[in-house]
Structures are given as structure tokens and as C-alpha cells.
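Some notes on the structure that comes next.
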Amino acid sequence: MSLLGKINYPDDLRKLSVDELPEVCRQLREDIVREVSVNPGHLASSLGVVELTVALHYVFDTPEDRIVWDVGHQAYGHKILTGRRDKFSTNRKLHGIRPFPSPEESEYDTYECGHASNSISAALGMAVANKNATDRSADRQRHVVAVIGDGAMSGGLAFEGLNNVSQYPNDMLIILNDNNMSIDRSVGGMKQYLLGLNTNETYNALRFKLSQWLHSKGYLEDDRRNGLMRLSNALKSAISHQQNIFEGLNIRYFGPFDGHNVKELVRILRQLKNMKGPKLLHLHTVKGKGYAPAEKTPQIWHAPGKFDVDTGERILEHKPGQPLKYQVVFGRTLLELAKQNPKIVGITPAMPSGCSLNIMMKEMPGRTFDVGIAEGHAATFAGGMAKEGLVPFCNIYSAFAQRAYDNIIHDVAILNLHVVFCLDRAGLVGEDGPTHHGAFDIASLRPVPNLTICSPMDEWELRRLMYTAQLDGMGPWVIRYPRGCGVKEEWQCPLEKVEPGTGRKLKDGDDVAVLTLGPIGNDVAEAIAETEGSGATTKTAAHYDMRFVKPLDEKLLDEIGKKYKEIVTVEDGARNGGFGSAVMEWLQDHGYTTRVKRMGLPDHFVEHGTIAELREIIGMDKASIINTIYK
């Protein structure tokens, strides 16, 4: 039996000798590559932290000790070593292992980590709670480790946590997994700072031994330790001509070290494990380590889909004649518009390839901006540009835009600034699960004054709405569209203005009015055509593509309210407070007593699985749509 085959839980790992760990790492890396090749997921990030994962579980007494991952797509090795190796083939599948670590799945998963930059704050909370715990003896204090990487250090929350770390008594360890990447290449001043940061290993070892001696003599209580740290930092900065931002925050810094030397990592972690006070260990790693194609182009191999392990050939599932993805239509249309309108700029928080802003970035690098994992900053940065007369298209995944809520309101909407927010991955996203479903954008943004909120039914509508949004005097817009492919083989169409707040009637009917928002309208149109075409019912439905949730098409709603006694609304977003709620509010406010049935995402977090599977579970598949309309 292989070494990995003997490991079901970290206790089994700790029975091995340190000399056996490199072989465990080799087998673990092999296992991840083999499984992800047939069951697609996040590959390159997990390959980059194999040695760190093994060392952490070898040195620390997990799950009693806490390891907080940031972000969770680094944690496939962690899952395999913590009781889920036999189930790893179900990763990201319906009712299988969750796409990101979650305490609801395993006691080894200490926190939710689908979004970036939360580990330091969460780990600090745990470490402070541990210091204040009354159910634990002084000689058995729980160790808390935050593992932050893949560009997550660029997020504002990470800086807020760092700024707070030394304010409260704690012994937490922050591990910075520095691979110069998020999904695409990392950007910004922190990236440049980390590239230049260097600390002598001998110096660290001597300082560690000195601190142990001073502590044993009682010379290193908290107040004196902080004073000595400040003196040490000042002397070190003067001698090395470097200023260490972490030690400037009174966080002991160690590194950088090679993050792929597992035996050395074990030695270092053992040294740091019982050191008092907050500390940061800086590791240099290679995203995609150990699999040549992933090392060469880690941004492609972040989530490569299926591939041939031996050849490294990706098995692309795009078929000839298949419609383009909405994100690609966005990227190509934005470039087209930017060539016509010199005011247009593009902004993305660390997702140039994920949202296809890289299309414009390639031709117009001076007019595109990747701000790193910093959604709030992206929104305010866009607001500042708009204040000076530019027209920013700020593309943020819907679920990540939750982190920019105040910025959208305070820094854009109040001033009625001309920023176009394009919310990619709106609605159900499938296998990435509840942390990534774009469920809440309509319900959260609908009450905000000055916003225009819309969703295109297809690629042509997306192009027309983008064209309209960039016209003079439009103010702040939100255009939401889903993950995945559109519905038209020919995506190009003339760029024409759509009057804000206008919908369109797609089909007439006598008995019920079906109002849809966005691409889910195509599923509804298909369901209506199939049902009425088969003669299965004598009931006929009118179908309206409303386009805008704010402002609503009041003329159309007035027509519908006068003609129909029954209305069905369908949206790929939260039912509570969403598009259907807006329609009900308007009808109530204008004295209509029409019965309204709303279809949308339910009032609970939807699990992971294919979009088709999830829609069936929550009652938004074709059969459910037919049943709601005609029964």
C-alpha cells in the first residue's frame, strides 16, 4: 500500500517519519492531478501548497488546532488528508464534497472560505477567543494558523485584519503563501513589495533563540516585548535599508522561505508553533508546482476543465456552432465600444480572463485596469474615474460584488456617477456552490436610488444594453448576466439604443402573463412553446421580457394589470425582494388585485451541483415552470 493509502486522517500522517513526507507529497500531488483531470475543479492552487498542507497537519494537532484557509481553492490536499480521500471523486458534485472547505462538512474545516481575504480576521477572532477561554488549561492553548495566498493579501479585509492583529493578546501564526498569482497574475504595490522582501535566515534563527532565552529569564513580558520589537525593527531597517511592513505592525516576520521543502517547513513550523505573540511566515511557492503544464501557464490551469494527464492536453467541451459565453460577448463588445468611445475604460478585480476583460486589455492596455482582489476599491476607483469624465465598465462577479455594496451606494450612486457595473455569474453558477451563486444582487441593489438595473435575455440584448449604458447622461447602471453560453450562434448585431425602463412582448396569450428577467426567459419561452404546441393545454400564456427591474416598464405593467388576473414572474435571483417582488409592489401601489406567482431562488443557500440539477431541486426547471404557468 502507498504511504498516502495509509493516511485517512492527520493522526495517521503524524505516525510517519519526516523523511517519508516528501514521498507523501509526491503521491498527494499525483492524486490531485489524476482526480481533477476527470472531475474538473481548481488545480494549480492546490498543487502549489502540497508541501505546506502536509507540514501543517504533521506539526499541528488538527482539528483541535485551527487552520483557516484563504482562499479555499488551495485546499484539495487538505481535504484528502482529513478523511475525504475516498470521497474526493465527488468533489463539486451534487450531494458530494463541497467545492470549498466548510465547517458544515468537516471539523477540520474551520471556517467558510469561498471568498478571499477573510482568514486573518477570522483566525484573529479564534485566537483571541482561545486566550479568553475558560475551558482550557494554560498548558493546552489551541494554536491558530491563517493560510493566506493566491493574491488574497491584496484584499482590503486582509489589511484590516493585519492592522488589528497586534492590538489584542494572541499567538496566531499567519502564513503568507506568496505565488505571485490570484487567478491571473497578482498586481499592485503589495506584489512588488513581496517580491523585494528578504530576511536573512541566520538572523531569524539567532533572533528566535535570543527571544526564547529572554522569555525564559522573564524579560519578555508583553510591554517589554513590544518595545524590543520596535527597537529591533528600527535597527534592522537601518542596517538592511528595508522597511518591513509586517514588523512595522508589531507582527514578527520570518522568511521568505522555500514553500516546497517539506522537511524544512516542518522544522520552521515546529520552531514557530509555541512562540508567543503574533507572527508571519512568508513562503515562496509555485502555483501549479509538480505538473509542468500548470507551472507554465498557471492562470489557464487554475481551473482547466478535463485534461489528459500524460499529454497535458485540455479536453475542451466547446462544440462547433455552440454559442459564445456571455463573458466573451461582453469582452468583445466592450472592445468594440471602446474603439468608438474614447471615454470608456475597463476595470476588474483580479478577473481579467474570468470576465474576458483581457480581450480589451490586449489591445488597449492603457485603458484597462486589474486592481487585484479588491472589489470595493474597484467600485470607488471607477467612481473617481467617472467623476473626471470617463465611462468605466467595472466587471465584478455578482457574488463578489457583495463586498462592494457600500462603495456602490456611497461612492457612485449618491453622486449619480456614470459607472457601468457588469455583474458576471449572476444567478446559479453550478458546481462552485453557495459562496459563488449570484443570488442577491437584484434584491440588494433594487432599493438604491439612481441605479438602472437590467438583465439581457440573450447576446444581442447584452450588446444593446452595453451600448445604451455608455451613452451620455445615463448615470450608474447595473447589467447582470449569467455564467455559461448564450443562445445565438451569431452573437453580433447592430448596436442600437434600448430605451431605459422598457420591456417587450414576445408572445400574446389570453389566460396568464409570464414576466421574465434575463436569460432564463429563453427557458420559459421554450416551455411555453412546447406545452402549447403539444396541445396539452387549452390555456394560453403571454410572455414578456421585461429587461429592466429598475425602472420597471410601467406602461407594460399597466397593460398587463388590466388584462390578466394571473401573473407569473421568473428570475434567476433571490425570490425575496427581487424582480417578482418589484412587480407585486407596483401592482399593489397602483390598485391592481392580480394574483402573482413568483419563481426565483428560495430563501436558503442553494448547494452545489450542475445548474440543471439545482434548478430541478429548487423548482425552477422546465417541468416546474410549466406546472406553475398552466396548473
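- The local environment of CD in Gln492 is crowded, with over 12 non-hydrogen atoms from other residues, nucleotides or ligands closer than 6.0 Å.
- Side-chain contact check for Tyr326 versus Pro482: some heavy-atom pair is nearer than 4.5 Å.
- Glu461 pairs in a salt bridge (Lys or Arg N to Asp or Glu O under 4.0 Å) with only one of the listed residues (Arg480, Arg547, Lys488), which is Arg547.
- Under a cut-off of 6.0 angstrom, the local environment of NZ in Lys563 is crowded, with over 12 non-hydrogen atoms contributed by other residues, nucleotides or ligands.
- Proximity of the aromatic rings of His608 and His437 is defined here by a centroid distance below 6.0 angstrom, and this criterion is not met.
- At most 12 heavy atoms of other shown residues, nucleotides or ligands fall within 6.0 angstrom of atom CD in Glu616.
- Taking a 6.0 Å sphere around NZ of Lys306, one finds it holds 12 or fewer heavy atoms contributed by other residues, nucleotides or ligands.
- The shortest side-chain heavy-atom distance between Tyr544 and Leu557 does not fall under the 4.5 Å cut-off.
- Contact of the Leu423 side chain with the Leu445 side chain is registered, since non-hydrogen atoms from C-beta on lie closer than 4.5 Å.
- Side chains of Tyr397 and Pro349 form no contact here, defined as non-hydrogen atoms less than 4.5 Å apart.
- Other residues, nucleotides and ligands contribute only 12 or fewer heavy atoms inside 6.0 Å of the CH2 atom of Trp460.
- For NE2 of His410, the number of neighbouring non-hydrogen atoms (other residues, nucleotides, ligands) closer than 6.0 Å is 12 at most.
- One finds no salt bridge joining Arg483 and Asp424 here, because no Lys/Arg side-chain nitrogen approaches an Asp/Glu carboxylate oxygen to under 4.0 Å.
- A salt bridge links Asp572 with Arg615: at least one charged nitrogen is closer than 4.0 Å to a carboxylate oxygen.
- Ion pairing of Arg98 with Glu607 is absent here, as no side-chain N (NZ or NE/NH1/NH2) approaches a carboxylate O to less than 4.0 Å.
- The aromatic rings of Tyr592 and Trp586 lie parallel to each other, with less than 30° between the two planes, well short of the 60° mark.
- A distance-only check finds a donor-acceptor pair linking the side chain of Asp370 to the backbone of Ala350 [under 3.5 Å].
- Inter-residue side-chain proximity for Asp511 and Glu566 is flagged as unmet; no heavy-atom pair is nearer than 4.5 Å.
- Taken to the nearest 0.5 Å, the CG atom of Asn416 stands 4.0 Å off from the CG atom of Asn450.
- Here the side chains of Glu496 and Tyr467 are not in contact, with every heavy-atom distance at 4.5 Å or above.
- Between His302 and His42 there is a side-chain heavy-atom pair separated by less than 4.5 Å.
- Within 6.0 Å of NZ on Lys539 lie more than 12 heavy atoms contributed by other residues, nucleotides or ligands.
- Among residues two or more places apart in sequence or in another chain, the side chain to side chain contact (heavy atoms under 4.5 Å, CB included) test is passed with Leu390 by Val345, Met385.
- Around atom OH of Tyr564, more than 12 heavy atoms belonging to other residues, nucleotides or ligands sit under 6.0 Å away.
- Looking at Leu157 and Ser121, their side chains come closer than 4.5 Å, going by heavy atoms from C-beta outward.
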